[in-house]
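I have placed the structure first, in the form of structure tokens, so that the comments after it can refer back to it.
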Amino acid sequence: MEIPPRYNPKDRESKILQKWLEGSVYHAEKDSSQKPFSIVIPPPNVTGILHMGHALNNTIQDVLIRYRRMRNYQALWMPGTDHAGIATQNVVERELAKEGKTKEDIGRENFLKRLWEWRDKYGSTIINQLKKIGSSCDWQRLRFTMDEAYSQAVGEVFLQLFNQNLIYRGNYIINWCPRCQTALSDEEAAHKEVDGWLYYLRYPVKTKKGETRFITVATTRPETMLGDTAVAINPQDKRYSWLKGSEVILPVVKRSLKIIEDKAVDPEFGTGIVKVTPAHDPVDFQLGKKHDLEFINIMNKDATLNKNVPENFQGIDRFEARAMLIELLTQKKLIEKKEPYRLGAGHCYRCNTIVEPRISLQWFVKMKPLAQEAIKVVEQDKVKFYPSRWKKVYLNWMFNIQDWCISRQIWWGHRIPVWYCQNCYNSDANDRKGIIVAKETPKKCPDCGSDKLSQDQDVLDTWFSSWLWPFATFGWPFEKRETRDDGRRTKEKKEEFDFFYPTNTLVTASEILFFWVARMIMASLKFTGEIPFSDVIIHGTVRDDKGIKMSKSLGNVIDPLEIVDKYGADALRFSLMFLAASGSDVHLSPDKFLMGRNFLNKIWNATRFVFSQIQNKKIKIDKLDYNLEDESDAWVLDHLNKTIAVCTESIESHRIDEAIKTAYDFFWHYFCDWYLEIIKDNFSQIKAKNSVFILLSSLKLLHPFTPFISEEIFSLIKKNSSLDLAEFISESGWPKEKKMNLKPRNFAVFAKMVDTVDKIRDLRGDLGLGQQKISLEIKTESNLKKFWTRHKNWFCRLVNAESISLIDKIDRVFYQNKYWEVNLKIDSADLAKFKQVLGKKINHFASLIQKSEAKLKNKKFVKKAPKDIVEKEKSKQDDFSKQLIRLKNLKEIIV
RNA sequence: GGGCGGUUAGCUCAGUUGGUUUAGAGCGUCUCGUUUACACCGAGAGGGUCGUGGGUUCGAAUCCUACACCGCCCACCA
């Protein structure tokens with residue numbers, strides 16, 4: 001067997017991936033003999049291209065899934081993509097624009113055709129990328145939110161909610177994106193601070209006595225004044241009591257404004273008088289409803305001003321109109337002043353355009369009734385968040401939940417399953433007459449019998465389909481059809497659903513806690529009567545090395561696929577998991593991935609070493625076993641056992657970074673740096689088998705994190721041994737602690753030996769010995785002499801010594817512990833330097849002793865602290881004193 | 001305005017219920033090393049009054065409190 005000295009992931013990963021996919025290793029099915037474990041993927045947008053956030057999110061899920069799979073669960077990771085209404089439509093619209101066309105030019109039907117074509121061509125891009133980074137989803141189950149079966153679920157949910165009066169249609173103020181030309185939910189209009197101005201406008205007033213006075217109102221959006229229908233003051237505000245009975249005239253428009261009083265007006269802010277624009281401000285909208293004001297919509301869909309404003313403003317964009325107005329009002333001396341002001345403005349989460357509050361006829365879901373149960377399950381920890389602080393955030397949002405605007409004025413998505421009777425439907429009426437909600441196209445209006453029906457033009461918010469993801473992906477609802485569109489019978493599907501659902505863990509970023517996680521909990525409880533998942537892991541945001549969120553528009557992204565290309569998917573995954581402490585943000589720079597690459601190379605070379613030795617010595621590895629030849633075997637096994645325990649416990653408690661750090665540390669710093677170094681010149685058959693055992697155990701521990709290299713080496717071991725191994729490492733089981741009769745004293749003594757190596761190496765440095773060979777004199781108790789003889793060879797090699805003599809009388813002690821004292825015999829040394837070091841150490845120990853003494857002299861400490869702590873302190877002090885004496889002696893002798 | 005998180009070595013971060021840590025890791029810096037697994041390596045060094053001030057305690061990086069700075073989320077101050 002020829003193993004090259006460098007691991008080259010590029011060659012191997014694609015082949016391994018191929019093998020996995022062909023072997024259907026990641027397909028899970030109902031199997032009553034096994035326990036289920038399931039995760040649904042947060043479906044990436046079909047338009048998605050893998051970014052670091054995806055890599056982080058999916059690697060965490062993959063670690064959990066691979067771990068469970070190895071623990072012999074039926075581990076199902078349900079994959080799929082989201083149709084991403086606005087985002088996808090935008091992409092195809094841009095494509096059309098390149099051809100000089102708009103979607104209106106080609107019509108709805110053709111446009112949808114284009115969208116499906118686009119999806120078929122590019123929609124699997126991100127899926128292939130997920131495969132490339134090793135995501136072990138059950139790819140046979142790939143779902144899409146606009147699949148036929150999935151769409152059935154969406155329709156069913158709309159119907160149920162409508163029938164239960166939880167969906168209604170009405171004219172309300174919503175967030176309107178003038179660029180996407182659709183309504184948005186509150187969550188989709190991200191509030192961001194914007195530098196702007198607070199303008200103080202003067203409105204003329206005709207008082208009861210017929211005088212003309214002025215009032216001043218403050219606004220950040222002067223153009224909305226064209227839609228003003230009132231001014232409001234606080235009823236307590238005596239300054240303006242004179243206003244009652246006067247007439248306020250809206251400048252430019254010359255409309256008479258109502259004067260209303262409302263507690264909502266803060267007398268402290270601005271001038272204490274508010275201009276009220278009921279059709280273009282959420283607060284004013286409420287005021288308008290309350291005080292029965294006139295609602296004047298002044299904007300078109302694209303935020304140009306409409307025919308309800310004076311002619312010279314019609315067709316002008318809102319911001320241009322603002323500038324024009326300011327100029328005009330300035331001329332008329334109707335602007336008192338302007339102040340710089342930071343205001344919060346909603347931005348479209350798809351295109352970042354400032355949204356416009358606008359009244360329009362939309363569909364809404366009543367959320368309060370849905371929230372009740374979803375609050376309970378989280379309060380009672382039936383659904384748990386990791387880290388737990390998100391619980392509060394979730395609950396706070398739930399308590400203040402607002403109704404959800406679900407209609408979107410776009411074409412790509414689930415068409416709203418509503419038909420209006422052209423004969424008897426009246427959109428202004430507050431009843432449901434002439435509204436037909438159905439899953440199939442209805443023929444006649446049930447109210448009047450007319451056959452003139454027209455379907456709602458809008459589609460549903462994308463999240464209205466993704467909130468069903470944990471159960472709709474399994475084929476819910478089950479009652480309605482005999483067979484599913486994938487040919488499987490409904491009964492089978494239902495059984496499978498019962499087996500895997502509720503799912504176990506959801507892994508997601510905090511950004512979609514409200515968009516998605518909260519809504520899934522509500523939908524699942526409502527429609528399946530169960531929680532969708534019991535654990536929610538919320539990971540951090542991926543940032544660059546300056547701490548700025550990675551985003552394409554800022555140009556500070558690191559492309560995960562580039563990292564895969566350069567260093568391999570394993571390196572990408574390893575570094576991400578190593579750096580991602582639970583819940584905290586991940587700061588990345590390209591060099592962070594070197595850590596992963598280097599580690600892979602280390603694994604590779606450890607394997608190379610073990611197998612080259614096995615080959616050279618013609619050792620046959622025919623059985624996977626572990627034997628204690630000497631203390632080194634016990635010592636390293638003990639560490640392996642601890643590593644397995646910690647790793648397992650860490651993954652179970654969602655502390656993934658800790659798991660990988662522990663495995664890494666063991667492999668590199670115990671197995672490679674010590675065990676392999678120790679056995680190098682004593683590579684016996686037992687040691688060979690032990691090495692293979694440890695290697696295999698380590699690979700299994702690492703497999704969830706670095707699946708490719710562990711699979712590769714696993715099959716390499718399989719090929720080059722007579723071991724009876726499973727075909728894939730994922731089928732070979734999770735490592736168990738190997739119980740052996742390990743005598744504690746044996747590895748305690750051995751551990752001291754390891755420590756002695758460290759200390760002698762330090763001394764070599766302190767003495768400035770360079771490459772000088774030394775010889776050692778060791779004084780130890782007689783029953784440890786055999787022990788020393790046994791380990792002499794490797795010990796000399798690791799400290800660069802020629803010989804060790806075991807003596808009974810020692811005249812100089814460079815190092816001591818409770819088992820032995822060591823003298824270094826040297827030809828020459830840098831004594832000045834050493835003296836300095838000794839001085840430093842003497843001071844160090846002196847101060848430690850002082851601290852320790854102070855503690856022990858403190859009667860309260862001795863009295864109140866637990867006994868073992870006090871004992872420990874005493875022995876510490878004892879040890880320090882011994883060291884101090886030794887160092888002082890040494891200093892005297894050596895000088 | 002409310003809430004949350006952070007502040008530990010030059011950088012990025014661990015440090016789980018206060019005492020086995022004489023505050024650790026990775027990267028970077030410096031020194032030494034090419035002894036046939038690995039220079040994508042090995043051996044070592046330097047570097048921290050754990051944001052600041054109080055408090056609780058025998059004992060605080062760890063718990064409480066106030067403050068400072070940084071970041072995030074929510075909210076209808078026009």
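Order of the sequence lines fixes the chain letters, A, B, ..., with proteins taken first and strands second; residue numbering starts at 1 for each chain.
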A:His844 side chain: which of B:U22, B:G19, B:C40 is closest? B:U22

May I ask you to say what A:Asp766 touches in the nucleic acid, namely base, sugar-phosphate or nothing, with a heavy-atom cut-off under 4.0 Å? nothing

Identity of whatever pairs with B:U62 - Watson-Crick or G-U, under 3.5 angstrom: none

Give A:Asp758 one of three labels, base, sugar-phosphate or nothing, depending on what nucleic acid heavy atoms sit under 4.0 Å from its own. sugar-phosphate

Over all heavy atoms of both residues, which pair between A:Val586 and A:Ala580 is shortest? Give the atoms and the distance, please. CG2-CB, 3.7 Å

Would you call A:Asp766 and A:Lys833 a salt bridge, taking side-chain N to carboxylate O under 4.0 Å as the test? no

Between A:Arg543 and A:Met550, what is the shortest heavy-atom contact and its length? O-CE, 3.7 Å

Euclidean distance for P, B:U62 against B:U8 (whole angstrom): 13 Å

When rounded to the nearest Å, what value does the distance between P atoms of B:G53 and B:U12 take? 23 Å

Which is true for A:Asp762 with a 4.0 Å heavy-atom rule: it touches a base, it touches only sugar-phosphate, or it touches nothing? sugar-phosphate

Of residues 653-672 of chain A, the positions that come close to RNA chain B - non-hydrogen atoms, cut-off under 4.0 Å: A:Arg655, A:Glu658, A:Tyr664, A:Trp668, A:His669, A:Cys672

B:U21 pairs with, by Watson-Crick or G-U criteria that keep both distances under 3.5 Å: none

Under a 3.5 Å limit for both distances, which nucleotide forms a Watson-Crick or G-U wobble pair with B:A78, could you say? none

Name the nucleic acid region contacted by A:Glu873, choosing base, sugar-phosphate or nothing; use a 4.0 angstrom heavy-atom cut-off, strictly under. nothing

Is the terminal nitrogen or CZ of A:Lys592 (NZ for Lys, CZ for Arg) located under 6.0 angstrom from the six-membered ring centre of A:Phe578 and within 45° of that ring's axis? no

Could you tell me how far B:U34 sits from B:A39 if I compare only their P atoms? Round to whole Å. 14 Å

Interatomic distance at C1', B:C40 relative to B:A14, whole Å: 24 Å

Does the ring of A:Phe671 carry A:Lys602 above it, NZ/CZ under 6.0 angstrom from centre and within 45° of its axis? no

Between B:A25 and B:U65, how far apart are the two P atoms, rounded to whole Å? 33 Å

Checking all strands, does A:Pro387 fall into the base, sugar-phosphate, or nothing category for heavy-atom contacts under 4.0 angstrom? nothing

A:Phe705 and A:Tyr664 aromatic centres sub-6.0 Å: no

Less than 4.0 angstrom between a side-chain N/O of A:Ser584 and OP1 or OP2 of B:A14, yes or no? yes

For B:U22, take OP1 and OP2 only and decide whether either is under 4.0 Å from a side-chain N or O of A:Lys876. yes

A:Arg389 vs A:Leu594, nearer the 5' end of RNA chain B by closest nucleotide: A:Arg389

Are A:Asn234 and A:Lys263 close enough that a side-chain donor and a side-chain acceptor fall under 3.5 Å? no

Should the pair A:Asp638-A:Lys642 be classified as a salt bridge under the 4.0 Å nitrogen-to-oxygen rule? yes

For A:Gln771 and A:Asn800 the tightest heavy-atom approach is O-ND2, 3.3 Å

Any N/O donor-acceptor pair, A:Lys392 side-chain to B:C4 base, under 3.5 Å: no

What integer number of Å spans the C1' atoms of B:A9 and B:G47? 5 Å

Does A:Asn605 have a side-chain nitrogen or oxygen under 4.0 Å from the phosphate oxygens OP1 or OP2 of B:C41? no

Going 5' to 3' through nucleotides 70-78 of chain B, assign each nucleotide B (protein heavy atom under 4.0 Å from a base atom), S (under 4.0 Å only from sugar-phosphate atoms) or - (no protein heavy atom that close). ----S-BBB

Kindly say whether A:Ile709 contributes a backbone atom to a donor-acceptor pair with the side chain of A:Asp570 at under 3.5 angstrom? yes

Inspect the surroundings of CD in A:Gln836 and state if more than 12 heavy atoms from other residues, nucleotides or ligands are less than 6.0 Å away. no

Identified pairing partner of B:C67, criterion: Watson-Crick or G-U wobble below 3.5 Å: B:G51

Using a strict cut-off of less than 4.0 Å between a Lys/Arg side-chain nitrogen and an Asp/Glu carboxylate oxygen, indicate whether A:Arg318 and A:Glu223 qualify as a salt bridge. no

Comparing A:Tyr7 and A:Leu676 on RNA chain B - which has the more 5′ nearest nucleotide: A:Leu676

Any Lys/Arg nitrogen of A:Lys661 or A:Glu658 sitting under 4.0 Å from an Asp/Glu carboxylate oxygen of the other? no

Pairing partner (Watson-Crick or G-U wobble, both distances under 3.5 angstrom) of B:C72: B:G3

Pairing nucleotide - B:A45, Watson-Crick or G-U, each distance under 3.5 Å: B:U29

Which of residues 856-863 of chain A have a heavy atom under 4.0 Å from RNA chain B? A:Asn858, A:Lys860, A:Phe861

Categorize A:Arg764 for me: base, sugar-phosphate, or nothing, with a 4.0 angstrom heavy-atom threshold over every strand shown. nothing

Is the NZ or CZ atom of A:Lys391 positioned over A:Phe385's six-membered ring, under 6.0 angstrom from the centre and within 45° of the axis? no

Between B:A25, B:A45, B:A37, spot the one nearest the side chain of A:Phe609, thanks. B:A37

